[in-house]
Structures are given as structure tokens and as C-alpha cells.
Student: 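Have a look at this one.
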Amino acid sequence: MPTLNLGILAHIDAGKTSLTERLLHSAGVIDTVGSVDAGSTTTDTLALERRRGITVKSAVVSFPVGTTTVNLIDTPGHPDFIAEVERVLSVLDGAVLVVSAVEGVQAQTRVLMRTLRRLGIPTLVFVNKIDRAGAQGAGERLPAALARRLGTSFVPLGRIAAAGGPGAAYVPYGPHDADHAAALAESLADQDDELLAAYVADETSLTYGRLRRELAAQTARCLVHPVLYGSAITGAGVDALVTAVRTLLPAAEGDPCGALAGTVFKVERGRGGERIAYARIARGTVRVRDRLRFGADGEGGEGKVTGLSVFDNGAAVPAGEVRAGRIGTLRGLADVRIGDALAPAGDAPADARTGASGAETRASRGFFPPPTLETLVVPARDADRAALHAALAELAEQDPLIGYRKGELRRGGAQDLYVCLYGEVQKEVVRETLADDYGIGVTFRETTVICRERLAGSGAAFEVKSRDGNPFLATVGLRVDPAPAGSGVVYRLGVELGSMPYAFMRAVEETVRETLEQGLYGWRVTDLAVTLTHTGYNARQSHAHGTFDKSMSSTAGDFRNLTPLVLIDALRAAGTRVHEPVHRFRLDVPSDTYGAVLPLLARLGGVPDAPAVTGATTTVEGRVPAASVHALERRLVGPTRGEGLLETAFDHYAPVHGTPPVRPRWDDDPLDRRAYLLRVVRRVRHGDAGA
């Protein structure tokens with residue numbers, strides 16, 4: 001049976017989860033349509049989701065449409081949970097973008113539609129809430145607004161009757177609607193030269209059947225996006241949407257006999273605490289008792305699949321195999337993480353796969369930026385600090401883009417804990433999750449922006465073992481050079497791989513990456529190439545009776561302890577500059593208020609481009625520091641009489657002007673060589689120098 005992996009996406013409160021309920025009811029999977037307000041929906045399974053009426057985690061349900069099994073994935077709508085949406089996009093064959101007939105195109109609508117098009121995901125648009133007051137005129141207004149604000153082609157497949165009331169209905173166009181056929185022919189001909197030539201030569205040659213086939217073909221190639229109308233509450237238009245899903249969106253592709261390739265897009269814990277991985281199998285077949293290799297960026301592990309399930313008729317059911325094109329859950333992969341690629345044991349999971357399907361290719365790429373905010377998490381009871389650390393580690397497993405880090409040490413050995421976030425709503429969800437699932441009460445300090453450090457130039461340093469104040473039996477030389485933005489950290493060897501034992505080589509590289517988490521100002525250093533230029537060590541020495549003499553032999557610990565000092569000296573020689581995250585913004589305001597908005601933008605560091613005036617509305621785009629975004633949102637209300645519409649999204653990192661912000665360090669601080677050596681050498685003498 002063919003499979004279609006379908007995502008439901010929308011701006012928050014557009015009715016996405018309610019539409020999911022209506023689709024399941026229409027397919028006969030559920031007997032009663034659940035309510036978001038009542039907390040009775042099928043896909044919002046977390047207590048937090050039911051209580052707050054928002055979707056936090058993606059959920060998979062299935063239903064049959066003719067001979068096709070549709071795996072429907074409900075996603076969060078709030079922009080604070082955009083990382084969850086990203087993982088879903090990587091495994092989709094098609095999508096339904098839900099737009100409210102009342103609010104129209106909103107900030108998240110634009111972000112999602114642009115990303116769907118960039119990823120090449122065939123998309124239908126469902127205009128919801130046609131029964132709500134204020135929906136009048138949506139049928140004529142929204143397609144034009146979508147085209148104007150998103151710059152692509154949208155094709156209405158019907159019209160609204162009696163909009164704005166409980167009797168609102170969707171009336172689909174048919175083969176006898178001459179105006180619709182003509183408009184459809186023009187829209188499709190704009191995207192296809194052959195069709196355009198046929199249309200110009202003889203309009204009557206384009207039969208309605210041919211136009212519908214061409215519509216399906218162009219929808220599959222993301223050239224056009226069909227638009228339907230309806231109401232998830234009353235069910236209006238839902239049957240037509242199901243028909244459009246079946247006839248216009250392409251089913252999953254993939255060779256079930258090929259070499260296994262898949263992607264993990266969600267990890268949850270079972271009742272016994274075991275990890276359950278949700279994966280899209282893009283190629284090949286995975287079976288119970290198969291041994292799989294999983295990982296990302298060349299790292300990972302292996303595990304034996306102890307249980308599988310696939311989604312069928314609304315639920316996950318046990319299965320002996322999961323074939324290409326399907327989504328399944330895998331048990332037994334103890335260390336699997338979100339984003340891991342899957343491959344047969346013994347093979348390295350590939351980041352780029354030749355001949356892969358669209359979903360398979362998308363799975364290895366990320367399209368949303370990492371979080372740019374962080375906040376200090378404080379346990380209500382100091383005795384909960386260790387439990388808080390374990391809970392945050394588990395949450396980070398479920399959502400790797402929402403990471404956490406340790407901060408500076410306090411008296412008594414306590415250590416601060418920070419969580420990285422996309423926004424304030426996410427902070428509230430983390431707090432409630434910790435309370436509900438782990439019994440840990442926490443508070444948060446003020447949210448701050450996460451900066452980065454980049455090199456100002458090139459620099460190099462080296463230290464020779466047991467010379468010039470180097471107490472370690474190791475020689476290390478490092479050179480740092482700037483690299484293009486977005487390249488991260490590139491580590492290279494400027495010496496022969498066999499110049500010293502691999503364990504020492506590995507110790508240097510791992511320590512370099514750890515040390516770069518805190519640069520000269522305490523921020524992560526990125527977009528640079530680090531080259532190992534000098535090495536030296538003492539070979540293993542033993543006493544006459546055969547015992548290993550640590551005082552005469554180099555260990556990996558010597559290289560781990562020396563590398564931070566050398567790397568910091570190289571960074572000092574190169575110099576670093578602190579960069580802050582900058583967002584691009586689009587602001588729509590009443591034209592008579594634009595003069596009052598400009599000074600506000602200037603005070604908050606915003607740099608506007610030339611404005612565009614459309615009737616009574618002025619639109620301005622530009623850049624603003626991420627640290628000013630929330631203040632801009634709050635302060636816009638007064639000058640714009642509450643009518644300003646602000647959209648923002650991360651754009652780039654830019655150098656900080658003036659005094660750079662400094663983040664407190666949490667390591668042994670190699671910036672202070674004397675204090676560093678006192679701490680490290682004392683620890684080595686009383687502990688273990690490393691293997």
C-alpha cells in the first residue's frame with residue numbers, strides 16, 4: 001500500500017490540531033472530534049499540551065485515504081518550537097499549510113512557507129475558520145495576499161459560501177466552471193512553456209482533465225500551491241482537502257531493496273525509560289534483530305533493533321519490518337539521538353547520499369538557526385541541583401537544539417546550569433516540564449543573548465615539553481586561521497599522523513574543540529581552522545620490574561592539560577572579536593505612524609531599509625540586534641496604536657560595537673596561566689593524569 005508522510009503546519013492558533021482531529025474523524029479513525037480547549041485531542045498527548053492548549057512535541061497518527069496510508073504529523077505552531085518543526089520537515093513527502101481566514105498571513109506563515117519552498121516540499125494551503133466572524137472576503141483576499149507576501153503562485157480550487165457564520169461552506173470548482181478553468185490554465189501556463197504554447201495556440205485544447213493532471217505535476221514540483229477553504233470545527237471543506245491530498249500530493253518514494261538509509265526525527269522515553277526512536281526510512285528495509293549503525297558528523301554507535309512498529313489506522317502497531325518510505329518506531333538503540341542517520345552495522349551513516357529521494361536528502365540538512373538566547377536555571381531547592389542536571393541532560397537528548405551548559409563553579413562545588421532557548425514561551429514550557437515530569441521546581445534569571453567569537457586574524461603558538469615553564473611531558477603547536485562564516489571549526493593536521501600515538505592526537509583534537517567553547521571573552525569561538533603544527537612526547541618508560549613510570553612517560557593527560565594554554569596563546573596572537581546575533585525584520589505599520597516608529601528603531605539599534613507604501617500601510621524591512629527584538633515588540637504597541645505587525649528571524653552574526661560583553665568562565669581558565677597551572681598540576685599530582 002502506498003504511503004504519504006504528510007505534515008500539518010501553521011502559525012499558532014490557526015487551527016492546525018483541530019484540523020488533524022477532523023481529518024482523523026473523517027477517515028473513521030476516531031469516533032468523536034477532540035477539542036483543543038478541552039484537552040481531548042488525539043495528538044496532544046502531553047499533560048502540558050492538554051493544559052495549555054498548545055502543541056509542544058510533534059506527534060504521528062495515520063489514516064487511510066483510498067489505497068494510500070497517510071502518516072499525518074502534527075507540529076508545534078509557536079515559533080519558540082521551530083526546532084521541532086525542522087525535524088518534521090526533513091521526513092515529509094507533502095504538507096498542508098493552515099492559514100486562518102480571519103488573521104490571514106502571519107509571521108510564522110511566512111517563515112514556514114518560505115522553508116517549505118526552499119526544501120521542495122509539495123504544499124497545499126487550507127484556509128481555516130471560514131465560519132468565524134471576520135472571514136468575509138477571505139476567498140478573494142487571501143490568495144492575492146499569499147502571492148504578494150510569499151512571491152509564488154497560489155491556485156484556489158473553490159470558493160466560500162456564506163462566510164462568517166455557522167453555515168459557511170466550501171464550494172469546489174468543477175469542469176464546468178469556465179472562469180476557473182481559464183484562471184487555472186493561465187496559472188499553470190506561467191510555469192510551463194509547452195503548456196503556454198498550447199494555451200496560446202488553442203485554449204480549447206486544454207481540457208479540464210489535462211489541467212488537473214498538470215496541476216498535480218506542478219504541485220509535486222512546488223511550482224504552484226493549490227488553495228482550499230473550510231472549517232475544522234464544522235467540517236466544511238475537509239472532504240475536499242482529503243481528495244486534494246490523495247490526488248495532488250505525491251506518495252513516498254524509496255527502494256525497499258536498497259542499502260538502508262534513514263533519519264531519526266524524534267526520540268521519546270518508554271515506560272521503562274528506554275529510548276524509542278521515530279525514523280523515516282528513506283531507502284532499504286529495517287527488520288527486528290537487525291544491527292544498525294547510527295550517528296551524525298562521523299560519530300555514533302551501534303545497536304540491535306529489539307522492536308519495531310509502524311503507524312496504521314490511527315495508532316502505532318507492532319511490525320516485523322519498516323520498509324522504505326514509511327515512518328516507524330525503533331527500540332533497542334540505547335544511545336540514539338535526534339538527527340542521527342541510520343545505516344547497516346559496519347557502514348558509516350552518510351551525511352550526503354547519492355541518488356537519494358527528496359526526503360532523504362533533506363534529512364541531512366538543517367535550515368533553522370540554533371537558539372540565540374540562554375537563561376540561568378535555578379532549582380527551588382539546592383538539594384535538587386544534581387537531579388536538575390540529569391533532567392536537563394535528558395531533555396537535551398530529546399531536543400538537541402535546546403542545549404544546556406554548565407556555568408561557573410560556586411562555593412561548595414555547586415555549578416550554575418544554563419539552558420539555550422528560542423523564546424520566553426519555551427522557558428515556561430521547560431519550567432512546567434521539569435515540575436510535571438521530574439518533580440523539580442525551578443526559576444529562571446533574565447534571558448540573555450548568546451554571542452560568538454570570530455578571529456580577527458591568524459595566530460600561532462607552541463610549547464616544548466619540559467621547557468620554558470611547561471611542566472607537561474608534551475609538545476604541542478597550533479595555528480589558527482579565519483574560515484568562512486558558517487564553517488564552524490575545521491581541524492587539520494600539519495604533522496604526520498604517525499608522529500605520535502593516535503590517543504595523543506585524539507586528546508589534542510578533543511581538547512581543542514572543548515577549549516573553543518570559551519574564547520578570550522568567554523564565548524564560543526567559531527568559523528576558524530585549527531592546524532596542529534608541532535608534536536612531541538616521551539615514549540613509555542618502565543622500571544626494571546616492569547611497572548609503568550608516569551613521571552617519565554607522556555600520557556594523554558599531558559596533552560589535554562597543555563593544549564588549552566597553547567590554543568589560548570594562538571587566539572591571543574590572532575585576536576578575536578565578539579559577534580552578536582542580528583535578526584532581519586519586516587514591519588507593517590499605519591502610514592501615519594511611521595514617523596514615530598523610526599526613532600524607536602534607531603534607539604534599539606535597528607537599521608531600516610527604504611520603506612514601501614501601499615495605501616494606508618507602510619512596510620519597512622531591515623536588521624535589528626537580537627537583544628532588542630523583545631523590546632521592539634513591546635514598545636511598538638503605543639506608537640502604532642496596536643496595529644503594528646512585526647516579523648523577525650535570525651539573519652547573521654555581526655561584530656559588537658563598543659565594549660564587548662564578557663561571559664564568566666566555568667573551566668580552569670587558561671587565560672590566567674599561573675592560576676591554571678596551580679589548579680591543574682595540583683589536581684594531576686593528587687589524581688590521574690589520564691590514559
Side-chain angles (χ1 to χ4, degrees), residues 10-15 54 77-82 98-114 127-129 132-138 140-151 164 372-373 421-428 446-447 449 580-652 654:
H11 187 98
I12 190 171
D13 290 334
I54 62 173
H78 197 285
D80 282 9
F81 305 102
I82 196 68
V98 184
V99 180
S100 170
V102 179
E103 288 82 9
V105 179
Q106 297 173 278
Q108 189 75 342
T109 312
R110 287 168 52 84
V111 172
L112 292 170
M113 190 69 232
R114 284 198 301 263
V127 179
N128 191 27
K129 301 184 180 181
R132 294 278 297 275
Q136 293 88 347
E140 297 77 26
R141 183 181 67 245
L142 271 177
L146 286 165
R148 184 178 67 253
R149 302 189 67 181
L150 301 174
T372 57
L373 304 173
L421 303 166
Y422 282 95
E424 296 298 313
V425 172
Q426 194 176 21
K427 183 192 295 185
E428 298 174 23
E446 183 180 358
T447 301
V449 170
E580 64 179 342
V582 175
H583 285 215
R584 62 180 179 271
F585 71 85
R586 175 191 170 109
L587 179 59
D588 295 330
V589 299
S591 295
D592 63 330
T593 69
Y594 179 64
V597 170
L598 277 179
L600 173 60
L601 286 171
R603 287 196 299 272
L604 295 175
V607 180
D609 298 330
V613 180
T614 306
T617 301
T618 293
T619 300
V620 61
E621 299 185 10
R623 305 291 183 270
V624 63
S628 300
V629 168
H630 293 298
L632 180 59
E633 291 173 342
R634 292 194 306 270
R635 298 180 190 178
L636 270 178
V637 177
T640 65
R641 303 185 296 271
E643 298 179 41
L645 177 60
L646 176 67
E647 302 172 17
T648 66
F650 172 82
D651 189 68
H652 67 285

Student: Between Gly15 and Lys129, which heavy-atom pair has the shortest distance, and what is it?
Tutor: N-CE, 4.3 Å
Student: In the structure I gave you, are the side-chain heavy atoms of Asp588 and Thr618 within less than 4.5 Å of one another anywhere?
Tutor: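 Heavy-atom side-chain distance check fails, nothing below 4.5 Å.
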Student: Report yes if some heavy atom in the side chain of Val624 is under 4.5 Å from a heavy atom in the side chain of Val582; otherwise report no.
Tutor: no
Student: Side chains of Thr619 and Leu587: closer than 4.5 Å at any heavy-atom pair?
Tutor: no
Student: Any donor-acceptor pair under 3.5 Å linking the side chain of Ser100 with the backbone of Glu103?
Tutor: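 At least one qualifying donor-acceptor pair exists.
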Student: Determine whether Tyr594 and Val613 satisfy the following criterion, side chain to side chain contact (heavy atoms under 4.5 Å, CB included), listing intermediate values before the conclusion.
Tutor: CA-CA 10 Å; Tyr594 179 64; Val613 180; over 6 Å; no
Student: Testing the basics here: between Leu142 and Ala101, what is the closest heavy-atom pair and its distance to 0.1 Å?
Tutor: CD1-CA, 4.0 Å
Student: Thr593 versus Pro639: any side-chain heavy-atom pair under 4.5 Å?
Tutor: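 Side-chain contact under 4.5 Å: no.
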Student: Can you check whether His630's main-chain N or O pairs, donor with acceptor, with Arg635's side chain at less than 3.5 Å?
Tutor: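 The answer is no, because no donor-acceptor pair under 3.5 Å joins these two groups.
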Student: Could you check whether any side-chain N or O of Thr640 sits under 3.5 Å from a backbone N or O of Leu636, counting only pairs where one atom can act as donor and the other as acceptor?
Tutor: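 Judged by distance alone, yes, a pair lies under 3.5 Å.
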Student: Within the structure provided, determine whether Pro581 and Val449 are in side-chain contact (heavy-atom separation under 4.5 Å).
Tutor: yes
Student: Taking atom OG1 of Thr648 and atom CZ of Arg623, what is their separation to the nearest 0.5 Å?
Tutor: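 Between atom OG1 of Thr648 and atom CZ of Arg623 there are 12.0 Å.
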Student: Using side chain to side chain donor-acceptor pair (under 3.5 Å) as the criterion, point out the one residue from Arg110, Arg586, His583, Arg584 that pairs with Glu647.
Tutor: Arg110
Student: Test your reading of the model: is there a side-chain donor-acceptor pair from Gln136 to the backbone of Gly134, 3.5 Å cut-off?
Tutor: yes
Student: Which heavy-atom pair separates Val620 from Pro608 by the least distance, and what is that distance?
Tutor: CG2-CB, 3.6 Å
Student: Hey, could you give me the OG1/NZ distance between Thr447 and Lys427, rounded to the nearest 0.5 Å?
Tutor: 3.0 Å
Student: Drop me the distance from Arg603's CZ to Leu598's CG, to the nearest 0.5 angstrom.
Tutor: 11.0 Å
Student: Compare all side-chain heavy atoms of Asp651 with those of Phe585 and state whether any distance is below 4.5 angstrom.
Tutor: no
Student: Could you measure the distance from the OG1 atom of Thr109 to the CZ atom of Arg114? Nearest 0.5 Å is fine.
Tutor: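 So the OG1 of Thr109 and the CZ of Arg114 are separated by 10.5 Å.
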Student: Please report the closest heavy-atom contact between Val99 and Gly104, naming both atoms and the distance.
Tutor: CG1-O, 3.5 Å
Student: Using every non-hydrogen atom in the two residues, find where Ser591 and Gly615 come nearest and quote the distance to one decimal.
Tutor: OG-O, 3.7 Å
Student: Is a donor on one side and an acceptor on the other found under 3.5 Å between the side chain of Thr617 and the backbone of Val589?
Tutor: no
Student: About how many Å separate CG of Asp13 and CG of Asn128, when rounded to the nearest 0.5 Å?
Tutor: 11.5 Å
Student: Taking the side chain as everything from C-beta on, heavy atoms only, tell me whether Arg641 gets closer than 4.5 Å to Pro590.
Tutor: yes
